[in-house]
Amino acid sequence: MGMRTLAVAERKLSRSEFLQFSREIKQARRMVKNREERMREIYASMERGLTILGATGVEDQLQEGVPETLQMLSAAGIRVWMITGDKVETAVNVAISCGLVTSATNQLFATNYISVEEVLNRMAELDAEMIPGDNTTLIIDGDTLAIAFEHCPLLLRKVSMQAYRVVCCRMGPLQKSQV
């Protein structure tokens, strides 16, 4: 499949820097709005000036029986959503590896849209392109999904329900729970 990489690095913190970080992260975890964004900002501020100690790579394989299970779900008429934090290319490769996407699958992308107007236009295009019952997979990223959730939730639902499968990528933990 691929490799999951992990870089190991360090940075010495003063006691006051650590206490400030600890306070800020606790406050961010309690936020209802913009929690993920604020936590990303806090972690990003901490992940500066690091000294790289090393890196590791772990082979990332599908669990046994995943393709067969997905095939049975599909045969039973159950629609499958794959939700991942992976990049678009990685998510599509995983979907292919597990049989969720095949050469006969019509892949429709809603990725890399950052403005409300772009997302509204793309959702309308997808709605026009969708053929109910067709072997279509909607591939949508977290940023596009967030805008669609807020500005065109009914159209998003209509489009995603017409797709035979949906692959959601670049999703944060909060987004995964919302889906």
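These numbers come from a predicted model, not from an experiment. The basis for the numbers below is simple: all heavy atoms, side chains too, and nothing from hydrogens, waters or symmetry mates. If you read the sequence from its start, that first residue is 1, and numbering goes on from there.
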Side chains of residues 144-154: which donor-acceptor pairs under 3.5 Å do they make with residues two or more places apart or in other chains?
{"residue": "Thr144", "atom": "OG1", "partner": "Tyr113", "partner atom": "N", "Å": "3.4"}
{"residue": "Thr144", "atom": "OG1", "partner": "Asp141", "partner atom": "OD1", "Å": "2.6"}

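Residues forming a side-chain contact (heavy atoms from CB on, under 4.5 Å) with Ser115 (at least two apart in sequence, or on another chain): Glu117, Glu118. Listed by chain and number, the residues in a side chain to side chain donor-acceptor pair (under 3.5 Å) with Thr102 are Thr105 (sequence neighbours excluded). Residues passing the side chain to side chain donor-acceptor pair (under 3.5 Å) test with Gln27, sequence neighbours excluded: none. With sequence neighbours excluded, the residues that form a side-chain contact (heavy atoms from CB on, under 4.5 Å) with Arg23 are Leu19, Gln20. By the side-chain contact (heavy atoms from CB on, under 4.5 Å) test, Glu47 is found to be paired with Tyr43, Leu50, residues two or more places apart in sequence or in another chain being considered. The side-chain contact (heavy atoms from CB on, under 4.5 Å) test applied to Gln63 returns Val66, not counting sequence neighbours. Evaluation of the salt bridge (Lys or Arg N to Asp or Glu O under 4.0 Å) rule for Arg38 yields Glu24, Glu41 as partners, not counting sequence neighbours. Partners of Glu37 by salt bridge (Lys or Arg N to Asp or Glu O under 4.0 Å), not counting sequence neighbours: none found. Scored by the side chain to side chain donor-acceptor pair (under 3.5 Å) test, Gln107 finds no partners at all (sequence neighbours excluded).
When every heavy atom of Cys168 is checked against every heavy atom of Val166, the shortest pair comes out as SG-CG1, 3.8 Å. The shortest heavy-atom contact between Cys98 and Leu70 is SG-CD1, 3.5 Å. When all heavy atoms of Arg48 and Arg11 are compared, the closest pair comes out as O-CD, 3.0 Å. For the pair Ala91 and Cys169, the tightest heavy-atom approach, listed with the atom from each and the gap, is CB-CB, 3.7 Å. For the residue pair Gln175 and Gly142, the shortest heavy atom distance occurs at NE2-O, 2.6 Å.
No path of Ile, Leu, Val, Met, Phe, Trp and Tyr side chains, each step under 4.5 Å between heavy atoms, connects Met72 with Met82, placing them in separate hydrophobic clusters. Hydrophobic clustering (side-chain heavy atoms under 4.5 Å, transitive across Ile, Leu, Val, Met, Phe, Trp, Tyr) keeps Ile83 apart from Met161.
With a 6.0 Å radius and a threshold of 12 heavy atoms from other residues, nucleotides or ligands, Met31 has its CE atom above the threshold. Leu53 CG: more than 12 foreign heavy atoms inside a 6.0 Å radius. Under a cut-off of 6.0 angstrom, the local environment of CD in Gln71 is sparse, with at most 12 non-hydrogen atoms contributed by other residues, nucleotides or ligands.
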Inset, instruction - Mind running side-chain contact (heavy atoms from CB on, under 4.5 Å) on Val159 and Met130 for me, showing each step along the way? - result: CA-CA 7 Å; Val159 167; Met130 291 282 184; 3.7 Å; yes
Inset, instruction - Go through Val94 and Thr84 one step at a time and tell me if the side-chain contact (heavy atoms from CB on, under 4.5 Å) criterion holds. - result: CA-CA 10 Å; Val94 170; Thr84 179; over 6 Å; no
Inset, instruction - Please lay out, stage by stage, how Glu125 and Leu108 fare under the test side-chain contact (heavy atoms from CB on, under 4.5 Å). - result: CA-CA 10 Å; Glu125 290 170 1; Leu108 298 178; over 6 Å; no
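Looking only at distances, no side-chain donor or acceptor of Glu10 sits under 3.5 Å from a matching main-chain atom of Thr51. Remark: side-chain polar atoms of Tyr164 are paired, donor with acceptor, to backbone N or O of Ser74 under 3.5 angstrom. Under the 3.5 Å distance criterion, the side-chain polar atoms of Arg122 are matched with a main-chain donor or acceptor of Phe109. Without hydrogens or angle criteria, Arg35 side chain to Arg29 main chain gives a donor-acceptor distance under 3.5 Å. Ser22 places no side-chain N or O within donor-acceptor distance of the main-chain N or O of Phe18, the cut-off being under 3.5 Å.
Contact annotation: the side chain of Val8 never approaches that of Ile52 to less than 4.5 Å [non-hydrogen atoms, C-beta and beyond]. For the pair Leu100/Val80, a side-chain contact is recorded, criterion being any heavy-atom separation below 4.5 Å from C-beta on. Contact check for Ile140 versus Leu156: side-chain heavy atoms found under the 4.5 Å cut-off. Counting heavy atoms from C-beta on, the side chains of Met39 and Glu36 never come closer than 4.5 Å. A heavy-atom distance below 4.5 Å is found between the side chains of Val88 and Ile139. Phe21 has its side chain within reach of Ile42: a pair of non-hydrogen atoms, C-beta onward, lies under 4.5 Å apart.
Applying the salt bridge (Lys or Arg N to Asp or Glu O under 4.0 Å) definition to pairs two or more places apart or across chains, those involving residues 154-174 are Asp127-Lys158. Counting only residues at least two apart or in different chains, salt bridge (Lys or Arg N to Asp or Glu O under 4.0 Å) contacts with residues 83-96 comprise Arg4-Asp86.
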